[in-house]
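Worksheet for the structure shown next.
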Amino acid sequence: MSEGAKREKDERPAKEVRQGGQERRQFRAIKGTRDILPPDTALWNWFEATAREVIEAYNFAEIRTPIFEETELFARAVGVETDVVNKEMYSFEVYESDELVERRYMVANWPWNFDQYDFFRQQIAPRFVETLKIAVDKGQIVRDAANLRIYEEIKTAMADLMDTGVQYGKNAFDRFQSAARALLIGESITLRPEATASVCRAYIEHGMQTRPGDQKLYYVGPMFRRERPQKGRYRQFYQIGAEVLGTSDAPAIDAELIEMLTVLIGRCKIEKWTLLINSIGCPDTPERKGCRPKYVELLRAELRKPEIFSKLGPDSQRRVETNPLRVMDSKLPEEQPVIEKLPKISEHLCAECREHYEKLKSELALRKVPFTESPRLVRGLDYYMRTTFEITSPVLGAQNALCGGGRYDGLVEMLGGPKGIKGIGFALGEDRFVDAIVEAKKIDATRAVDVFVAWMGEKAYPEAVRLARVLRDAGRAVELPAREMKFGKAFERADKIGARYVLILGDDEIASKRLTIKTLASGEQKQMGESELLDYVRH
RNA sequence: GUGAGCGUAGCUCAGCUGGUAGAGCAUCGGUCUGUGGCACCGAGGGUCGUGGGUUCAAAUCCCAUCGCUCACCCCA
């Protein structure tokens, strides 16, 4: 046992002693989050570097957006999809008025009590309302429709409190209290669950439509979704994505984006993958009815037919009303024959969408990108249109999508941006890519230590420090032991950490002014001058 | 939100029908003050996920709880 460890043990307090009265406890990473440790981090870095290389080769430029945004941005981008917005985003309030927060806290926790009712209605409640009014004037509360309704409710409940004696006051008290609790003070902000909305927001905010040509932007970083974790699904996960924003919706853009992804997969030497493509038509616009809503109605009518409806499981039966498109990608084996016979959207596209889809396919063929048409590949959100695609890998488990994307021509305008800006993008899951790379076993990203400096003796140490610096300045990875080690120990350590060379510095080397360097793999050992050193330890 | 499986050393696991906690690997030290992989010797590291119950006695049986994993739901 090392001296350090021994000392640490002796000084460790007995189990009963709790330092500072705190419970002794194990901290662990929050559910759905994880540490990525060496040597895995080397592979992650390799992948990110490779992805940047490929994406930049297609002339995309990096954009970095904040990790949190106004909740409203994501809520609007996702639509009114209540589950996603309410349950699966990490949202929290950021207060600007401490005083209001304190008074709200008092109101919200005030117990219903006959004896104190008058004190509540004459002192506590009015102070809260007074502070609230000031905050509203200063714009310190969230000004969305729901919140303004709550504000009105507080005011009427306050009036009722004033009118009502203790006998009948319970109702007004309850309404006042629950409205106060529901009020959103300050800003509601959300950890980004995806980056497309942020990229569009930035595009709009900085007037990027005035830059020449289509904007081709990519991003790298963590996203947050509060879903139940499973294989390939984490609450903090990492995405790399790219968006093309501009006035063109040429199918060549879609095809190039997809081609780029297949190139990246090729670089990662992932062999088992399938590209699925589909067109999901277009949504309604003020000018004309889109072909998707028409198809959705047709599909729903079909699904409602008793002979079909009765063959669906409970989940799919529910989806007939909530989200009929989702019936298409049900996984239940017994539903498959029914789904096969349902009308396909590709057969119900309008002329423009059909032409776009046909061109996409010929563009992919031109680029020699193999694809599979999948009428079952759908998207839940309204602003998605036409091209959708996904690349799946069988090695990933139930969450088998490596990456996916699609066209969203209406989104920029929906977020308050200029009219006529089209968009398409993809996002890939780094966690899953890394899994697939590991599974394919073709990439080894670990970088060995180049040189281990084995030094012994007081005279050798300054030389060791100096030479380590020389090697490091030249870009070699060098391990210089902080404490003197016997040569035997030094070699053992060098071997264990995977060093390629050992630079031996002892009394002999100092005396002869020659360096001894040993190649660990071959056991070969050579003497040389310092001038030859750098050349010899190439990595 | 629902369901299933699993929790014993840093890791992989053993520990039968209750009787004082083990192996391999890893780590650290020694054999070894001029040479690593091998070998041998030794050491550290567990309130058997946590709490309760049954019992003279619980890692083992019962209950609860927490955690992990996978799948369903959802999937921007």
Side-chain angles (χ1 to χ4, degrees), chain A residues 1-6 8-9 12 15-16 23-26 28-32 34 37 73-79 81-89 190 192-198 200 223-233 237 239 241 313-316 318-319 322-323 325-326 329-332 378-384 388 390 397-401 404-406 408 411 425-427 429 452 454-457 460 484-509 516-525:
Chain A
M1 187 200 268
S2 72
E3 282 177 38
K6 193 171 272 171
E8 204 176 294
K9 195 196 172 193
R12 191 179 299 161
K15 268 172 189 158
E16 294 72 32
E23 188 191 353
R24 202 170 120 247
R25 54 169 291 209
Q26 250 311 351
R28 42 169 78 234
I30 287 171
K31 185 199 275 287
R34 57 179 181 156
L37 309 174
L73 174 69
F74 299 122
R76 207 185 283 189
V78 174
E81 203 65 42
T82 48
D83 258 27
V84 168
V85 175
N86 297 333
K87 296 184 193 159
E88 292 173 5
M89 297 203 305
T190 293
R192 62 180 186 192
E194 51 127 356
T196 302
S198 298
C200 290
M223 308 292 159
F224 306 85
R225 294 181 192 179
R226 211 190 149 134
E227 297 171 298
R228 190 82 150 247
Q230 68 187 81
K231 189 174 170 65
R233 176 185 267 186
F237 58 103
Q239 282 192 339
D315 284 326
S316 286
R318 178 166 39 77
R319 287 188 282 236
T322 58
N323 203 346
L325 283 176
R326 284 283 169 208
D329 63 356
S330 163
K331 289 170 189 162
L332 279 182
V378 297
R379 291 281 118 96
L381 305 188
D382 283 348
Y383 60 77
Y384 275 106
T388 50
E390 206 163 277
Q399 301 300 318
N400 65 353
Y408 48 84
L411 182 61
F426 77 85
F452 189 97
W455 61 271
M456 253 185 78
E484 186 176 62
M485 289 170 110
K486 295 172 192 171
F487 281 121
K489 205 32 100 185
F491 273 82
E492 195 183 319
R493 176 69 56 79
D495 185 58
K496 274 180 184 158
I497 67 171
R500 300 157 88 96
Y501 302 97
V502 175
L503 173 60
I504 303 158
L505 283 175
D507 293 340
D508 296 354
E509 283 74 17
T516 306
I517 189 113
K518 179 166 178 170
T519 308
L520 280 177
S522 62
E524 188 190 352
Q525 189 162 310

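- Residue contacts shown for A:Arg226 are absent, as no nucleic acid heavy atom lies under 4.0 Å away.
- For the pair A:Arg233 and A:Glu227, the salt-bridge criterion is met [side-chain N within less than 4.0 Å of a carboxylate O].
- Nucleic acid contact class of A:Ala398 (heavy atoms, under 4.0 Å, all strands): sugar-phosphate only.
- Residue A:Lys31 places at least one side-chain N or O closer than 4.0 Å to OP1 or OP2 of B:C68.
- Between the C1' atoms of B:U55 and B:C62, the separation comes to 12 Å (whole Å).
- Taking atom CD of A:Glu227 as the reference point, atom C1' of B:C72 lies 13 Å away to the nearest angstrom.
- The residue A:Glu509 sits close to a base: some heavy atom pair falls under 4.0 Å.
- With hydrogens and angles disregarded, a donor-acceptor distance shorter than 3.5 Å links the side chain of A:Glu194 to the backbone of A:Thr196.
- No salt bridge links A:Glu484 with A:Lys489; every basic N to acidic carboxylate O contact stays at or beyond 4.0 Å.
- Proximity of A:Arg228 to the phosphate of B:U69: no side-chain N or O atom is located under 4.0 Å from OP1 or OP2.
- Counting heavy atoms from C-beta outward, A:Val378 and A:Asp329 have side chains that approach closer than 4.5 Å.
- Regarding A:Lys486, its NZ atom lies at a distance of 4 Å from the P atom of B:U33, rounded to whole Å.
- Remark: A:Gln230 is in phosphate contact with B:A71, judged by side-chain N or O atoms under 4.0 Å from OP1 or OP2.
- Here A:Asp508 pairs with nothing under the side-chain hydrogen bond (donor to acceptor under 3.5 Å, both in side chains) rule; sequence neighbours left out.
- As rounded to whole Å, 12 Å separates atom P of B:C11 from atom CG of A:Leu37.
- Taking atom C1' in both B:C11 and B:A4, one finds a spacing of 26 Å when rounded to whole Å.
- Among the atoms of the strands shown, base atoms are found under 4.0 Å from some heavy atom of A:Met456.
- Within 4.0 Å (heavy atoms only), A:Arg233 reaches at least one base atom of the nucleic acid.
- One distance of note links CG of A:Leu381 with CG of A:Leu411; it measures 9.5 Å at 0.5 Å rounding.
- When heavy atoms are screened at a 4.0 angstrom cut-off, A:Arg28 is found touching the sugar-phosphate backbone but no base atom.
- Regarding contacts with the backbone of B:C28, every side-chain N or O of A:Lys489 stays at 4.0 angstrom or more from both OP1 and OP2.
- Counting to the nearest Å, the C1' atom of B:C73 and the CD atom of A:Glu88 are 9 Å from each other.
- Atom P of B:U27 sits at a distance of 15 Å from the matching atom of B:G10, rounded to the whole Å.
- With rounding to whole Å, A:Asp507 atom CG is found 14 Å from B:U35 atom P.
- No side-chain donor from either of A:Arg319 and A:Thr322 sits under 3.5 Å from a side-chain acceptor of the other.
- Rounded to a whole angstrom, the distance from the P atom of B:G29 to that of B:G44 is 15 Å.
- Between A:Phe224 and A:Ala29, the residue anchored closer to the 5' end of RNA chain B is A:Ala29, taking for each the nucleotide with the nearest heavy atom.
- Atoms CG (A:Asp315) and P (B:C72) sit 11 Å apart, rounded to a whole Å.
- Between A:Lys331 and B:C72 there is a side-chain N or O to OP1 or OP2 distance below 4.0 Å.
- Contact detail for A:Ala197 and A:Phe74: the closest heavy-atom pair is CB-CD2, 4.0 Å.
- In this structure, A:Arg493 places its CZ atom where only 12 or fewer heavy-atom neighbours from other residues, nucleotides or ligands lie under 6.0 Å away.
- Looking at heavy-atom distances under 4.0 Å, A:Gly506 makes contact with a base.
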Base-pair string, RNA chain B, Watson-Crick plus G-U, cut-off 3.5 Å on both distances, | for inter-strand, is (((((((..((((.....[..)))).(((((.......))))).....(((((..]....))))))))))))....

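- Rounded to whole angstrom, the span from the CD atom of A:Glu484 across to the C1' atom of B:G34 amounts to 12 Å.
- Side-chain contact between A:Tyr408 and A:Asp382 is absent, with no heavy-atom pair separated by less than 4.5 Å.
- No contact: A:Arg34 has no heavy atom under 4.0 Å from any strand.
- As rounded to whole Å, 9 Å separates atom C1' of B:C28 from atom NZ of A:Lys496.
- When atom types are taken as modelled, the side chain of A:Arg379 and the backbone of A:Tyr384 share no donor-acceptor pair closer than 3.5 angstrom.
- Between A:Thr516 and A:Arg318, it is A:Thr516 whose nearest contact on RNA chain B lies nearer the 5' terminus.
- Using modelled atom types and a 3.5 Å distance limit, the side chains of A:Thr519 and A:Glu524 yield no donor-acceptor pair.
- Under 4.0 angstrom from either OP1 or OP2 of B:C28 there lies at least one side-chain N or O belonging to A:Arg493.
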Scan nucleotides 37-39 of chain B against the protein and return all N/O pairs shorter than 3.5 Å with their distances rounded to 0.1 Å.
from  : atom 1 : to       : atom 2 : distance (Å)
B:G37 : O4'    : A:Asp495 : OD2    : 3.1

